[in-house]
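Convention: sequence-line order gives letters A, B, ...; per-chain numbering from 1. Because only heavy atoms are used, hydrogens play no part in the values below, and waters and symmetry mates are left out as well, while side chains stay in.
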Amino acid sequence: MGDLWVIGEPGPDGGLARLSAEVATLARELGASSGRDVVGVVVAAEPGAAADELARHVPRVLSITEPAAADHAWSALAAARLAGLLDGAAPAEAPDAIFVGAGPDGRDLAGALSALTGLGVLTSATAVTWSETGPAVEMSAFGGKLLPTSGFTGGRGIVTVRPNVVTAVPAGSPGTVEARDAGGPAPPAVKVVERVSEAGAAAPIEEARIIVAGGRGVGGPEGFGLVEQLASVLDGAVGATRAAVDSGWIGYSQQIGQTGKIVKPELYLALGISGAIQHKVGMQTAGSIVAVNRDPDAPIAEFADLLVVGDLFEVGTALLEQLRARPG
Amino acid sequence: MRIVVLVKPVPDPASGGERLGANGRLDRAAVPAVVNGNDEYALEAALKLTAAAPEGSEVTLLSMAPASAPETLRKALAMGATRGVHVTDPALAGSCAVSTAKVLAAALKQLEFDLVLAGVDTSDGLGGTVPAAVAAYLGLPFLSYAARIEPDEPAGTVRVRRISPTGYDLLEAPMPALISCTQALGEPRYPTLKGIMAARSKEIATRSLADLELDPSTVGGAVATTQVLATKVPPARGATEVVRGTPDEGATRIVEFLAQRRII
Ligand SMILES: Cc1cc2nc3c(=O)[nH]c(=O)nc-3n(C[C@H](O)[C@H](O)[C@H](O)COP(=O)(O)OP(=O)(O)OC[C@H]3O[C@@H](n4cnc5c(N)ncnc54)[C@H](O)[C@@H]3O)c2cc1C
Ligand SMILES: Nc1ncnc2c1ncn2[C@@H]1O[C@H](COP(=O)(O)O)[C@@H](O)[C@H]1O
């Protein structure tokens with residue numbers, strides 16, 4: 001019986017990426033239900049902090065120092081080191097499943113690792129259980145219209161996991177960290193010339209519990225001021241439709257939908273958004289959907305839980321006042 | 001500049017009728033196919049890059065898809081691509097992402113290029129790993145989530161702005177390289193009437209597994225690494241509550257609703 005591996009992605013501050021802690025919690029639950037050991041793996045230029053953090057979630061962490069990761073794209077390097085580790089692993093150590101977050105880095109890593117190892121990939125898991133034949137991975141196809149559950153024909157493979165599938169909870173007792181040399185191929189060099197933080201870059205919307213989103217109805221960058229104020233009083237993040245992004249009112253990183261991000265917050269508050277299918281596929285699995293639209297026949301009326309028919313500036317301003325006036 | 005764009009026909013997401021057949025594979029007869037949205041951004045970027053350096057430039061579409069794909073590829077040719085290469089073989093039905101990447105890599109080995117552009121993912125929603133896998137099979141530098149692409153032909157390098165959670169990373173690699181593309185590269189053009197006419201006579205070459213010198217026992221449905229175990233339809237959302245009234249009344253109802261659901 002093989003182990004379960006969790007890839008700990010280095011976060012922007014050198015610690016562990018938030019999503020990796022969730023993935024580790026999920027793997028620990030699966031380890032417990034399937035009787036498998038869980039092993040964390042961190043590949044970074046300075047893996048120490050991320051490895052220590054990952055060890056709060058799983059009993060054993062392999063820490064691989066890859067100096068090139070300091071100024072080269074992470075995913076191809078990490079995939080090469082993991083392939084090296086898998087190659088050198090004793091049969092008893094070979095994992096039955098490798099879990100990684102379904103963010104951009106995790107996806108890139110999963111793709112490269114699948115080519116290097118021939119292992120299959122199941123992407124963007126919304127739930128994972130253990131079946132007789134290995135992991136059973138629920139995904140969301142065709143923008144959430146269908147939820148297939150898939151497995152690996154050979155029983156083993158790579159799974160990428162969406163944010164908010166489980167809540168990260170540290171293990172009862174911390175695990176150990178072992179430094180490892182991994183070997184593996186030298187991937188072609190992709191240099192990071194510069195990392196640019198854009199002023200006002202918002203928190204990643206995929207991880208937000210509450211999203212306040214604006215569409216064309218918001219009318220301009222100033223209109224997003226109201227959206228931002230509402231997001232701030234609700235302790236949420238700002239999202240947008242493509243119409244708003246294309247108009248240059250807000251950055252592409254906030255776009256939700258088919259060619260933007262797929263989100264699953266507890267609350268999606270949609271202001272001046274019609275609910276076009278390409279937008280709907282990015283947010284329809286939100287816990288609660290509340291919309292403000294002056295058109296009662298907008299498509300969003302068909303899938304919102306609550307639709308307030310009215311002007312978004314009038315309703316939004318009143319809402320802001322009422323939320324601010326609430327005690328606590 | 002010679003660019004190959006990887007394009008995948010997908011069921012039209014705007015049709016709303018996509019479904020899986022009894023075998024767990026996509027039911028392609030259910031809805032019309034279109035070029036995957038992100039692949040159109042990749043193609044638009046390719047057309048702009050080649051227009052900036054027209055000398056010896058060409059844009060080749062590469063698609064692994066069922067026999068009906070040329071209909072879909074014509075639209076991409078009408079946007080301005082030079083030609084298409086269509087990999088199709090009965091043994092490829094039911095391919096997993098690993099096989100798809102292997103086949104695309106084999107087809108790319110027979111083409112000459114400075115850049116390969118792909119979409120970051122496909123709208124049928126289970127992917128996003130093919131571009132990185134193709135790059136790994138070919139040993140090409142992989143630059144992903146591109147918001148801007150700046151080749152430097154004399155230096156033989158390419159720079160890409162990769163979207164990051166906090167802004168962007170500026171990446172640089174030698175060419176040839178493989179780049180996955182986002183909408184931030186810019187709106188795809190509409191085919192002109194002239195483009196549509198010209199596309200009718202553009203070449204779409206067909207390649208079988210034998211043409212690619214791939215053994216059918218190593219790729220395709222027979223060796224798929226993943227399988228659908230079960231499918232379900234998500235529970236329908238409840239009825240929509242519609243509130244009309246003054247802005248204050250609307251806001252009051254929202255606050256009540258959020259409190260009832262313990263969101264605030
Ligand atoms: C390949 C492809 C990919 C796409 N990908 C995406 C994607 O990822 N994400 C995405 O969002 N879209 C995407 N789209 C675009 C999508 O089809 C819609 O055009 C877009 O979602 C519409 O955005 P909207 O709702 O903001 O604008 P509109 O459809 O114009 O709706 C604006 C709404 O605001 C309301 N309104 C206006 N003023 C007010 C006011 N003062 N008060 C209250 N209500 C008001 C109107 O009644 C209307 O319902 C894609 C399209 C294509 C073809
Ligand atoms: N069958 C295919 N033929 C050509 N390109 C493909 C194919 N599958 C995937 N791609 C490319 O890889 C990108 C990501 O696909 P995927 O990983 O399947 O979501 C697509 O946007 C295409 O550019």
Identify whether the distance between the nearest side-chain nitrogen and carboxylate oxygen of B:Asp169 and A:Lys191 falls below 4.0 Å.
no
Pick from A:Ala115, A:Gly316, A:Gly251: which one has the most heavy-atom pairs with chain B under 4.5 Å?
A:Ala115
A:Ala286, part contacting chain B, at a heavy-atom distance under 4.5 Å:
backbone
Could you report the tightest heavy-atom contact between A:Asp108 and B:Ala132, atom names first, then the distance?
O-CB, 3.4 Å
Can you tell me how far the OG1 atom of B:Thr231 sits from the CD atom of A:Glu138, to the nearest 0.5 Å?
10.5 Å
So which part of A:Arg156 gets closer than 4.5 Å to some heavy atom of chain B, the side chain, the backbone, both or neither?
neither
What part of A:Ile210 lies closer than 4.5 angstrom to a heavy atom of chain B: side chain, backbone, both or neither?
side chain
Tell me which of these, B:Leu170, B:Ile254, B:Thr129, has more heavy-atom pairs under 4.5 Å with chain A than the rest.
B:Leu170
Does atom NZ of B:Lys48 have more than 12 heavy-atom neighbours from other groups under 6.0 Å away?
yes
Heavy-atom proximity to chain B below 4.5 Å, by part of A:Leu320:
neither
Between A:Glu321 and chain B, which part of the residue has a heavy atom less than 4.5 Å away: side chain, backbone, both or neither?
neither
Looking only at A:Ala318, A:Pro104, A:Ala304, A:Gly120, most heavy-atom pairs under 4.5 Å shared with chain B are made by A:Pro104
Examine distances only and state if a side-chain atom of A:Gln322 and a backbone atom of B:Asp248 form a donor-acceptor pair shorter than 3.5 Å.
yes
Check each atom of A:Ala301 against the heavy atoms of chain B and say whether the ones under 4.5 Å are side chain, backbone, both or neither.
backbone
Could you look at A:Pro187 and say if it's the side chain, the backbone, both or neither that has a heavy atom under 4.5 Å from chain B?
neither
Residue from A:Asp246, A:Val193, A:Ile277, A:Val292 scoring the most non-hydrogen pairs under 4.5 Å with chain B is A:Val193
Residue part contacting chain A, namely of B:Tyr145, when any heavy atom lies under 4.5 Å
side chain
Rounded distance [0.5 Å steps], CD in B:Glu241 versus CG in A:Asp305:
9.5 Å
Side chain, backbone, both or neither: which part of A:Gln278 has a non-hydrogen atom closer than 4.5 Å to chain B?
side chain
Quick check on A:Lys261: does its NZ atom have over 12 non-hydrogen neighbours (other residues, nucleotides or ligands) under 6.0 Å away?
yes
Quick one: does A:Thr285's side chain get under 4.5 Å of B:Pro234's, heavy atoms only?
no
Atom CG in A:Leu267, atom CG in B:Leu258: separation rounded to 0.5 Å?
5.5 Å
Under 6.0 Å from the CD atom of B:Gln260, do we count more than 12 heavy atoms belonging to anything else shown?
yes
Scored by heavy-atom pairs under 4.5 Å with chain B, the best of A:Ile262, A:Leu269, A:Ile289, A:Val245 is A:Ile289
Counting heavy-atom pairs under 4.5 angstrom with chain B, the leader among A:Leu306, A:Val315, A:Val190, A:Val309 is A:Leu306
When you check the gap from the basic side-chain N to the acidic O, do B:Arg261 and A:Glu266 get nearer than 4.0 Å?
no
Side-chain heavy-atom pair A:Leu307, B:Val243 within 4.5 angstrom cut-off:
no
What residues of residues 175-186 of chain B make heavy-atom contacts with chain A at a cutoff under 4.5 angstrom?
B:Thr182, B:Gln183, B:Ala184
Tell me, out of B:Gly37, B:Pro13, B:Ala97, who's got the most heavy-atom pairs with chain A below 4.5 Å.
B:Pro13
Go through B:Val130, B:Thr246, B:Val120, B:Leu140 and name the one with the most non-hydrogen pairs under 4.5 angstrom from chain A.
B:Leu140
Run A:Arg326 and B:Val255 through side-chain contact (heavy atoms from CB on, under 4.5 Å) and show every step you take.
CA-CA 10 Å; A:Arg326 271 173 66 87; B:Val255 173; 3.8 Å; yes
Side-chain (B:Thr226) to main-chain (A:Gly151) donor-acceptor, under 3.5 angstrom
no
Checking the side chain of B:Ser123 only, and the main-chain atoms of A:Gln258 only, is there a donor and an acceptor separated by less than 3.5 Å?
no
Counting neighbours of CZ on B:Arg189 that are heavy atoms of other residues, nucleotides or ligands and sit closer than 6.0 Å, is the number greater than 12?
yes
Measure B:Pro11 against the heavy atoms of chain A and call it side chain, backbone, both or neither at under 4.5 Å.
side chain
Please flag which part of B:Arg253 lies under 4.5 Å from any non-hydrogen atom of chain A: side chain, backbone, both or neither.
both
Rounded distance (nearest 0.5 Å) linking atom CZ of B:Arg161 with atom CD of A:Glu194
8.5 Å
In terms of heavy-atom proximity below 4.5 Å to chain B, should A:Leu319 be classed as side chain, backbone, both, or neither?
both
Who wins among B:Leu143, B:Val160, B:Val233, B:Asp121 for the most heavy-atom pairs under 4.5 Å with chain A?
B:Asp121
Heavy-atom distances under 4.5 Å only: say whether B:Ser99 touches chain A with side chain, backbone, both or neither.
neither
Answer with side chain, backbone, both or neither: which region of B:Ala14 has an atom nearer than 4.5 Å to a non-hydrogen atom of chain A?
both
Given side-chain contact (heavy atoms from CB on, under 4.5 Å), test A:Thr259 with B:Tyr41 step by step and report yes or no.
CA-CA 10 Å; A:Thr259 47; B:Tyr41 302 120; 3.8 Å; yes
Taking side chain as C-beta onward, heavy atoms only, is B:Ile264 less than 4.5 Å from A:Leu323?
yes
Pair A:Arg242 + B:Glu187: basic N to acidic O under 4.0 Å
yes
Can you say whether A:Val290 sits under 4.5 Å from chain B via the side chain, the backbone, both, or neither, judging by heavy atoms?
side chain
A:Val281 portion near chain B, given a 4.5 angstrom heavy-atom threshold
neither
Against chain B, label A:Pro12 side chain, backbone, both or neither, depending on which of its atoms sit under 4.5 Å from a heavy atom there.
neither
Could you tell me which of A:Gly154, A:Gly310, A:Gly157, A:Ser288 has the largest number of non-hydrogen atom pairs under 4.5 Å with chain B?
A:Ser288
To the nearest 0.5 Å, what is the distance between CZ on A:Arg195 and CG on B:Leu171?
8.5 Å
What distance do A:Ser114 atom OG and B:Tyr137 atom OH have between them, rounded to the nearest 0.5 Å?
6.0 Å
Quick one: what part of A:Tyr252 sits under 4.5 Å from any heavy atom of chain B, side chain, backbone, both or neither?
side chain
Between A:Asp105 and chain B, with a heavy-atom cut-off of 4.5 Å, which part of the residue counts as in contact: side chain, backbone, both or neither?
both
So, the part of B:Ile163 with a heavy atom under 4.5 Å from chain A: the answer is side chain
So, do A:Arg107 and B:Ser144 sit near enough that their side-chain heavy atoms are less than 4.5 Å apart?
no
